[in-house]
Amino acid sequence: MNELIEAKGPWVLKTTLSHHKFLENATPKIKAKNYFVLDGNNMKTRDGLYDEFSKKMSFPDYVGRNLAALDECLADLSWLPASYYILFIENWNRIVLSQEIEEEALLTIFESIAKEWSKPVNIGAEWD
């Protein structure tokens, strides 16, 4: 499980392990600012999905309510303080059982964003 905080994959892991158990066993210990726990029970619809991400990850107010906007926000996260993040989505089956949200679309976004975050940016800007 600790490979989730390294710069190589896997970046997306589906497991029945609770976030509590993961955090309890993680070495090194993961600080609260480095993870978010989202609840699939609140994401049964597209609106619920966007609300849960916005609320738990403090998305800016101007963010759109579509998968492209979710992708952009997760790729940016400049308003948050840490250099890496772990997203725990509990009750995942509540999302993927919904007719409004496609599991593959979400997993593709998560995988793409995680790969992007794993690559250093070295062009001399202060945000590198």
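As the structure is a computational prediction, the values presented were derived from the model and not from experiment.
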How many angstroms lie between [atom1] in [X] and [atom2] in [Y], if you round to the nearest 0.5 Å?
X      : Y      : atom1 : atom2 : result
Asp39  : Lys44  : CG    : NZ    : 9.0 Å
Asn42  : Asp51  : CG    : CG    : 9.0 Å
Glu90  : Met43  : CD    : CE    : 9.5 Å
Thr108 : Glu103 : OG1   : CD    : 10.0 Å
Asn34  : Tyr84  : CG    : OH    : 4.0 Å
Phe22  : Ile30  : CZ    : CD1   : 4.0 Å

- Query: Do Pro60 and Trp79 come within less than 4.5 Å of each other through their side chains, counting heavy atoms only?
  - Reply: yes

- Message: Looking at Lys21, I want to see if its NZ is surrounded by more than 12 non-hydrogen atoms of other residues, nucleotides or ligands under 6.0 Å.
- Response: no

- Lys29 atom NZ, neighbour heavy-atom count above 12 within 6.0 Å: yes

- Query: Would Leu74 and Phe59 count as a side chain to side chain contact (heavy atoms under 4.5 Å, CB included) if you check the C-alpha gap in whole Å, the side-chain angles of each, and the deciding distance to 0.1 Å?
  - Reply: CA-CA 9 Å; Leu74 292 174; Phe59 281 5; 4.2 Å; yes

Keeping [X] on the side-chain end and [Y] on the backbone end, is there a donor-acceptor pair under 3.5 Å?
X      : Y      : answer
Glu100 : Arg46  : yes
Tyr50  : Thr45  : no
Asp71  : Ile109 : no

- Message: For Asp76 and Ser78, which I'm curious about, is there any donor-acceptor pair between the side chains at under 3.5 Å?
- Response: yes

- Do you know which two heavy atoms are closest between Gly40 and Ile89, and how far apart they sit? N-CG2, 4.4 Å

- Return the minimal non-hydrogen interatomic distance between Ala69 and Val63, and the atom names on each side. CB-CG1, 4.1 Å

- Query: Angle class for the Trp117/Tyr85 ring planes (parallel below 30°, perpendicular above 60°, tilted otherwise)?
  - Reply: perpendicular

- On the 0 to 90° scale, with breaks at 30° and 60°, tag the Phe88-His19 ring pair as parallel, tilted or perpendicular. tilted

- Item | Chi angles and distances behind the side chain to side chain contact (heavy atoms under 4.5 Å, CB included) call for Leu106, Leu70 | CA-CA 9 Å; Leu106 283 175; Leu70 177 65; 4.1 Å; yes

- Item | CA sep, side-chain torsions, deciding dist, call: Asp47, Arg65, side chain to side chain contact (heavy atoms under 4.5 Å, CB included) | CA-CA 7 Å; Asp47 282 340; Arg65 298 177 67 79; 3.4 Å; yes

